[in-house]
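Step one of this worksheet: look at the structure below.
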Amino acid sequence: MTANEIFELISQNPAFHLATTDGDQPRVRGMLLFRADENGIVFHTASTKDLYRQIMANPKAEMCFSCGEVQIRITGILELNENSSLREEIFAHPTRKFLQAWKEHGIDGLLQVFVMKNCSAVTWTMATNFEPKSPIKLC
């Protein structure tokens with residue numbers, strides 16, 4: 001599988017689980033992808049969440065996407081992206097209408113955008129269950 005095939009597959013299956021650490025305790029939660037391409041994998045959270053604090057303390061993370069019969073695990077470094085045009089793109093996107101309430105209540109400053117960089121993926125299927133993993137460089 002190529003990097004572009006992975007970007008396409010995870011974009012079609014945007015729900016993923018994100019693993020971080022809280023001290024020495026692993027933490028996993030469901031998330032929603034915003035965008036994935038050669039520039040990185042973009043998602044967002046709020047600065048009031050434990051997730052935000054965990055990422056700021058340790059930006060190493062792993063994402064896991066279930067795409068039908070294929071599982072894609074992506075490991076990399078999360079970077080805080082403070083680009084105002086990207087934030088506005090997220091607020092304006094049709095799949096993010098729920099964020100309009102943040103703007104209406106004046107709490108849009110809580111939105112924190114992260115981009116996973118320096119990342120690679122491994123794929124898994126039942127057919128390849130016992131084969132050695134071959135990481136694919138994404139971004």
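Treat the numbers as computed from the prediction; the structure is a model and nothing was measured. All values below were derived from every heavy atom in this structure, side-chain atoms included, with hydrogens, water molecules and symmetry-related copies excluded.
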- Query: Please walk me through it: do Lys60 and Asn118 pass side chain to side chain donor-acceptor pair (under 3.5 Å)?
  - Reply: CA-CA 10 Å; Lys60 294 178 182 178; Asn118 192 26; over 6 Å; no
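- Residue Val113 shares its hydrophobic cluster (ILVMFWY side chains chained together at separations under 4.5 Å) with Phe34, Val42, Leu86, Ile90, Phe91, Phe98, Leu99, Trp102, Ile107, Leu110, Leu111, Val115.
- Smallest separation of non-hydrogen atoms from Cys139 and Gly40: SG-CA, 3.7 Å.
- The heavy-atom pair separating Ala92 from Gln100 by the smallest distance is N-NE2, 4.4 Å.
- A salt bridge is absent between Glu82 and Arg87; no separation between the charged side-chain nitrogens and carboxylate oxygens falls under 4.0 Å.
- Under a 4.0 Å N-O distance rule, the pair Arg96/Glu89 does not qualify as a salt bridge.
- By the 6.0 Å contact criterion, CD on Gln25 is enclosed, its count of non-hydrogen atoms from other residues, nucleotides or ligands being greater than 12.
- You'll find the side chain of Ile55 stays beyond 4.5 Å of the side chain of Gln112, heavy atoms only.
- Side-chain contact check for Ile6 versus Ile136: some heavy-atom pair is nearer than 4.5 Å.
- With no hydrogens or angles considered, a side-chain donor-acceptor pair links Ser85 and Asn83 at under 3.5 Å.
- For the pair His44/Tyr52, no side-chain contact is recorded, criterion being any heavy-atom separation below 4.5 Å from C-beta on.
- Residues meeting the ring-ring contact (aromatic ring centres under 6.0 Å, His included) test with Phe16, sequence neighbours left out: Phe43, Phe65.
- A heavy-atom distance below 4.5 Å is not found between the side chains of Thr21 and Arg27.
- The environment of NZ in Lys97 is sparse: at most 12 heavy-atom neighbours from other residues, nucleotides or ligands sit within 6.0 Å.
- For the pair Ile72/Cys67, a side-chain contact is recorded, criterion being any heavy-atom separation below 4.5 Å from C-beta on.
- Using modelled atom types, no side-chain atom of Glu131 and backbone atom of Thr128 make a donor-acceptor pair closer than 3.5 Å.
- Cluster membership for Phe7 and Phe114, using ILVMFWY side-chain heavy atoms within less than 4.5 angstrom, is shared.
- A heavy-atom distance below 4.5 Å is found between the side chains of Ile74 and Met116.
- Going from atom NZ of Lys117 over to atom CD of Glu79 covers 5.5 Å, rounded to the nearest 0.5 Å.
- A salt bridge does not link Arg29 to Asp50: none of the charged side-chain nitrogens sits closer than 4.0 Å to a carboxylate oxygen.
- Following chains of ILVMFWY side-chain contacts shorter than 4.5 Å, one cannot reach Val122 starting from Leu33, and the two form parts of different hydrophobic clusters.
- Residue Thr2 holds its OG1 atom at 10.5 Å from CG of Leu9, rounded to the nearest 0.5 Å.
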- Before giving the answer on side chain to side chain contact (heavy atoms under 4.5 Å, CB included), spell out for Thr20 and Val28 the whole-Å C-alpha distance, their side-chain angles and the decisive distance to 0.1 Å. CA-CA 6 Å; Thr20 60; Val28 178; over 6 Å; no
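- Rounding to the nearest 0.5 Å gives a distance of 10.5 Å between CG of Asn58 and CG of Asp22.
- Within the 3.5 Å criterion, the main-chain N or O of Thr123 finds no donor-acceptor partner in the side chain of Lys133.
- Residue pairs meeting the ring pair (Phe, Tyr, Trp, His ring centres under 6.0 Å) criterion with at least one partner in residues 117-139, sequence neighbours excluded, do not occur; the list is empty.
- More than 12 heavy-atom neighbours from other residues, nucleotides or ligands sit within 6.0 angstrom of NZ on Lys103.
- His17 contributes atom NE2, which lies 11.0 Å from atom CD of Gln71 (distance to the nearest 0.5 angstrom).
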